[in-house]
Every structure is written in structure tokens, then in C-alpha cells.
Amino acid sequence: MADTLAKMWEEAKSLFEETTGKKKPREGKGISNAFGAYTGLSGSLEKFDAANDAALKTGTVKPADLKAGRKLVAEMDTQLKSFVKAKTSYTTVLKKTIDTEIDKRSETEVKSTYERALKFLVKSLDAVGETATSRLGAARQRFDEAEKDLTTKEKMVLNWEKNIKATIARAAAAAGKVKMSPTAETYNGIFPKAARDVTMQLVFAKSLKGFLIDPDAVLQAMNPWASQAGNPPASLPKDASKEDVLGNLVGFIKELKKAQQLVDTKGRYG
């Protein structure tokens, strides 16, 4: 079973603290709002997860089950809106703190680990939000009379835009994790999964029309990072240098941006 959204966010916060060596700041100072439970972020995610889990266990044959399922979908929608409101507040605080860090360094100084860690938190929030939207879309399909009996592929195609946005956001957060800690161990911890999740959606994209960019071209370009053969760039030697790690990561981010461009052009062409 996929990680819960609450777990995704908790792990992001823990990694931030482990990497920066800073404990959760007190409320009202620095980035304290990014960790304070008072914003309702963690609570909304836990409630969303609970409703999603219940929806996955609810049948789709009996009218009573469909009614119950739609009620759970409504709860997921409510909690997602609550999360988005809290996320906006968090992101504003984080970006202000990032701006402060940027103002501190000269043009020749490299980004600090702290600055990269803050950006990782922003990307993690985006990933959680897009993943929630994707899961809500799937839950709606489950209890929709017109879609509940479609094949898995048919459902994936209909929910494609939400799904690929979620995989791209998670991949971007994973890349931010490597930037924060550019080691072979960190890099190998995100690949090939980060790439494979995106390439799976690019395969489904070939069943759709209206793109400016050829989905197959993006798929082929990203496939090296999705390979399970254990070779670069999907996996790097344990003694790979920081330069090797970041160099291979830059290549992946370049292809990830093409995937995002693919999404942005959907429905505008063809």
C-alpha cells in the first residue's frame, strides 16, 4: 500500500531536521509555522488518509455502499481543501524564509544546505497536495456510476492529468532531497522509482491526444533513469562524487521539466 499523506509530510519534516541539524523552531520564530500543528496541516492529512482508506474498503455494488462511498469522497474533498488552505500558509512562511537566506549570501556563494532544505519542504508540500488530488480523483471514479466499472487502464487514462501531476511533484521533491544531501546513497534511494512513476504515466499518455510534445519522446528520454538494470543514471556507484550525483540529477530534472511541459500543453493542441 502507498504511503499515507500524513506519513509523507512527517518524513519530510524529519529529514529536514536530520539534514540541517536544527530542531523544530518555536512558534513565531523563523520557520516555526512550517511545523506548528495549529495550522491544521497534519490533522487534515490524517483525516484525508482515514477517509481514503475507508473508501478503498467500501464496496461498489450495493446502493448503500455507493452512498457510503460518496460520503467518504465528500469528506476527502473537505479535508483536501483544509490542507490546501494550510499549505498556502506554510508555503508563504517558507518562501519568506528562503528569501531571507538568499539575501544573506553573495552572488558567488553557493546555496546553503538550510536554503535547499527549505525548498525541499516547499516541494514536499506540493507533492502531498498533488498526490491527494490524484487519490481524490481515483476515489470519485470508484463510486461514480459512469466510471466505477471501467477497466483500470480506462480509469488511469481518465484520471491521467491528476496522476501525472502527482508523480511529477513527487519526483521534484525527491530531486530536492538529493540537492539537499548530494550523495550516492541519497540518489540511489530515489531512483529508479522517482522516474518509473513518471514514465508509467507517460505510457498512458500515448493513449491521449492534444499534446504539443510527443509523449513517447519524453518517455524515451526519461527511461535511462527508470531502468532497473542497476546502471547509471538509474543507479550510481557508492563512491560516486558529489559532482557525479548532481550532474546526473540535472539530466533527470531536465527531462522532468519536459514532462511538465507535456502536461501544460494537454488539450491546447491537436
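Note that this is a predicted model, so its numbers are computed, not measured.
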| task | Determine, step by step, whether Lys13 and Ser42 satisfy the side chain to side chain contact (heavy atoms under 4.5 Å, CB included) criterion, reporting the C-alpha distance in whole Å, the side-chain angles of both residues, the deciding distance to 0.1 Å, and the verdict. | result | CA-CA 11 Å; Lys13 291 191 295 183; Ser42 295; 3.8 Å; yes

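- To the nearest 0.5 Å, atoms CG (Leu136) and OG1 (Thr78) are separated by 10.0 Å.
- Judged purely by distance below 3.5 Å, without hydrogens or angles, the side chains of Asp103 and Thr100 never pair a donor atom with an acceptor atom.
- Checking side-chain atoms of Thr133 against main-chain N and O of Gly129 turns up a donor-acceptor pair under 3.5 Å.
- The number of heavy-atom neighbours closer than 6.0 Å to NZ of Lys87, taken from other residues, nucleotides and ligands shown, is above 12.
- Atom CG of Asp99 sits about 10.5 Å away from atom CG of Leu118, to the nearest 0.5 Å.
- In terms of modelled atom types and a separation under 3.5 Å, the side chain of Asn248 and the main chain of Asp244 share a donor-acceptor contact.
- Without hydrogens or angle criteria, Arg170 side chain to Thr131 main chain gives no donor-acceptor distance under 3.5 Å.
- Judged as a side chain to side chain contact (heavy atoms under 4.5 Å, CB included), and not counting sequence neighbours, the contacts of Lys153 are Thr151, Val157, Phe204, Ser207.
- Under the side chain to side chain contact (heavy atoms under 4.5 Å, CB included) criterion, Thr152 pairs with Met156, sequence neighbours left out.
- Asp216 contributes atom CG, which lies 9.0 Å from atom CG of Leu202 (distance to the nearest 0.5 angstrom).
- Closest heavy-atom contact between Trp160 and Val263: CH2-CG2, 4.1 Å.
- A donor-acceptor pair under 3.5 Å is formed between the side chain of Thr19 and the backbone N or O of Leu15.
- Linking Ile, Leu, Val, Met, Phe, Trp and Tyr residues whenever their side-chain heavy atoms come within less than 4.5 Å leaves Val178 and Val250 in two separate clusters.
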Name every donor-acceptor pair, under 3.5 Å, that has one atom in a side chain of residues 183-190 and the other anywhere in the protein, sequence neighbours excluded.
{"from": "Thr183", "atom 1": "OG1", "to": "Thr186", "atom 2": "N", "distance (Å)": "3.1"}
{"from": "Thr183", "atom 1": "OG1", "to": "Thr186", "atom 2": "OG1", "distance (Å)": "2.9"}
{"from": "Thr186", "atom 1": "OG1", "to": "Ser181", "atom 2": "O", "distance (Å)": "3.1"}
{"from": "Thr186", "atom 1": "OG1", "to": "Ser181", "atom 2": "OG", "distance (Å)": "3.4"}
{"from": "Tyr187", "atom 1": "OH", "to": "Trp225", "atom 2": "NE1", "distance (Å)": "3.4"}
{"from": "Tyr187", "atom 1": "OH", "to": "Pro233", "atom 2": "O", "distance (Å)": "2.4"}
{"from": "Asn188", "atom 1": "OD1", "to": "Leu236", "atom 2": "N", "distance (Å)": "2.8"}
{"from": "Asn188", "atom 1": "ND2", "to": "Ala184", "atom 2": "O", "distance (Å)": "3.3"}
{"from": "Asn188", "atom 1": "ND2", "to": "Leu236", "atom 2": "O", "distance (Å)": "2.8"}

Name every donor-acceptor pair, under 3.5 Å, that has one atom in a side chain of residues 68-75 and the other anywhere in the protein, sequence neighbours excluded.
{"from": "Arg70", "atom 1": "NE", "to": "Phe143", "atom 2": "O", "distance (Å)": "2.9"}
{"from": "Arg70", "atom 1": "NH2", "to": "Phe143", "atom 2": "O", "distance (Å)": "3.0"}
{"from": "Glu75", "atom 1": "OE2", "to": "Gln79", "atom 2": "NE2", "distance (Å)": "3.0"}

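- Checked by atom type, the side-chain pair Ser134/Asn163 shows a donor-acceptor distance below 3.5 Å.
- For the pairing with Glu147, the side-chain hydrogen bond (donor to acceptor under 3.5 Å, both in side chains) check across Gln141, Arg142, Lys155 returns one residue only, Gln141.
- The closest donor-acceptor contact from the side chain of Ser14 to the backbone of Glu11 lies at 3.5 Å or more, if one exists at all.
- At distances below 3.5 Å, at least one donor-acceptor pair connects side-chain atoms of Thr265 with backbone N or O atoms of Leu262.
- Leu150 belongs to a hydrophobic cluster whose remaining members, ordered by chain and number, are Leu158; membership requires side-chain heavy atoms of ILVMFWY residues under 4.5 Å apart, directly or through intermediates.
- One finds a salt bridge joining Asp197 and Lys193 here, because a Lys/Arg side-chain nitrogen approaches an Asp/Glu carboxylate oxygen to under 4.0 Å.
- The pair Arg105-Glu101 does not meet the salt-bridge criterion, since no charged nitrogen lies less than 4.0 angstrom from a carboxylate oxygen.
- By the 4.0 Å N-to-carboxylate-O rule, Asp49 lies too far from Lys7 to be salt-bridged with it.
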| request: I would like to know whether Trp9 and Phe16 meet ring pair (Phe, Tyr, Trp, His ring centres under 6.0 Å); could you show each step before the answer? | output: CA-CA 11 Å; Trp9 177 234; Phe16 172 88; 9.5 Å; no

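- Phe120 contributes atom CZ, which lies 4.5 Å from atom CE of Met180 (distance to the nearest 0.5 angstrom).
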Just list the side-chain donor-acceptor pairs under 3.5 Å for residues 252-260, sequence neighbours left out, or say none.
{"from": "Glu255", "atom 1": "OE1", "to": "Lys258", "atom 2": "NZ", "distance (Å)": "3.4"}
{"from": "Gln260", "atom 1": "NE2", "to": "Asp264", "atom 2": "OD1", "distance (Å)": "3.0"}

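- Atom CD of residue Glu161 and atom CG of residue Leu208 lie 9.5 Å apart, to the nearest 0.5 angstrom.
- Atom NZ in Lys111 sits 7.5 Å away from atom CD1 in Ile102 (nearest 0.5 Å).
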